[in-house]
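Everything on this sheet refers to the single structure shown next.
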Amino acid sequence: MRMAVRARALVLGAAVVVPGAAWAQTVDDIVARHVAARGGAEKLEAIRTLKITRTVATAFSDIKVVIYRKRPALFRAEQQSTAPGAPLTVRVINQDGAWDPGPGGKIVAREDRLAAETRDLDADFDGLLVNWSAKGHTVTFEGREQVGGREALKLQVRLRSGLIRTVYLDAETYLDRRHSGVLNLPGGRQFDVTIDFDNWREVEGVKFPFDVTEERTGKEPVQSFVIYTERIEANVPIDDGLFAAPKG
């Protein structure tokens with residue numbers, strides 16, 4: 001009888017320990033599961049370039065966007081509003097700086113601090129968590145929270161540039177659910193930004209979010225964007241010259 005009671009106690013004790021083990025996950029374990037969920041390190045590395053075609057819906061008009069990416073951190077976005085007569089605008093990020101369209105069609109270079117931040121964010125090829133240490137980031141696990149009615153793993157990422165992003169991974173799929181933090185833009189503009197990711201699909205064996213929503217809040221009026229991805233093309237030929245500083 002005593003042996004039966006003791007065995008029952010051991011079973012109950014084990015049942016208490018198991019949930020605690022889930023809370024004891026390390027950053028390395030979480031990131032490894034995240035990389036595996038995306039498709040694995042080998043398949044991620046096999047993609048060298050990306051061409052992403054999107055429509056960004058705003059409160060005023062839709063914007064057609066084509067994004068070009070090339071390893072390790074080259075980025076170009078060509079944007080054109082569907083409003084009649086709207087010009088094509090270009091954003092470029094490379095190892096030397098970042099450039100935005102300015103008033104009167106001029107191209108404006110971002111100051112070094114802002115260029116470093118947008119290089120960490122927009123020009124990141126694989127996502128903030130993939131090879132985070134090699135990129136010079138710091139990641140800490142902050143526990144679990146509910147995001148959109150689902151449990152999420154909360155990680156704080158201090159980027160190499162000093163900017164902080166909170167990354168929420170779905171606790172079941174280990175894919176990005178939400179990113180939040182501060183967005184600094186030229187001219188001293190600053191927003192609190194929340195970006196949600198959904199509709200993950202495979203391209204060349206790697207999962208990408210095809211639906212993205214972004215909300216910017218702060219001192220200025222709220223800005224909301226709904227981003228629909230029509231097509232993602234991997235390993236298309238892209239010449240480095242496409243990422244040179246824009247003329248003008």
Q: Verify whether one side chain among E215 and T213 offers a donor that lies under 3.5 Å from an acceptor in the other.
A: no
Q: Indicate whether any N or O donor in one side chain lies under 3.5 Å from an N or O acceptor in the other, for S61 and S81.
A: yes
Q: Apply the salt bridge (Lys or Arg N to Asp or Glu O under 4.0 Å) test between D126 and each candidate in R71, R38, K207, R48; give the one that qualifies.
A: R71
(Q) Between E220 and R189, does any NZ, NE, NH1 or NH2 come within less than 4.0 Å of an OD or OE carboxylate oxygen? (A) yes
Q | Where R91 and P101 come nearest, the two heavy atoms and their spacing | A | CG-CD, 3.8 Å
**Q.** Over all atoms of both residues, closest heavy-atom pair of P186 and D100
**A.** CG-OD2, 3.9 Å
Q: Please report the closest heavy-atom contact between E117 and N184, naming both atoms and the distance.
A: OE1-ND2, 3.2 Å
Q: Check the pair K64, T55 against side chain to side chain donor-acceptor pair (under 3.5 Å), reporting the backbone distance first and the verdict last.
A: CA-CA 5 Å; K64 297 296 183 181; T55 297; 2.9 Å; yes
Q.
For a quick test of reading the model, state the closest non-hydrogen atom pair linking A41 to V35 and the distance between them.
A. N-CG1, 3.5 Å
Q: Could you tell me whether the side chains of Q190 and R216 share a donor-acceptor contact shorter than 3.5 Å?
A: no
Q) So does E78 pair up with R76, basic N to acidic O under 4.0 Å? A) yes
Q) Taking the six-membered ring of F125, is the NZ or CZ of R69 close enough (under 6.0 Å from the centre) and on axis enough (within 45°)? A) no
Q) Which pair of heavy atoms, one from V56 and one from V65, lies closest together, and at what distance? A) CG2-CG2, 3.8 Å
Q) What is the distance from atom CD1 of I195 to atom CG of D176, rounded to the nearest 0.5 Å? A) 10.5 Å
Q) CZ of F197 to CZ of R178: how many Å apart, nearest 0.5 Å? A) 10.5 Å
**Q.** Carboxylate-amine/guanidinium contact R119 D124, below 4.0 Å
**A.** no
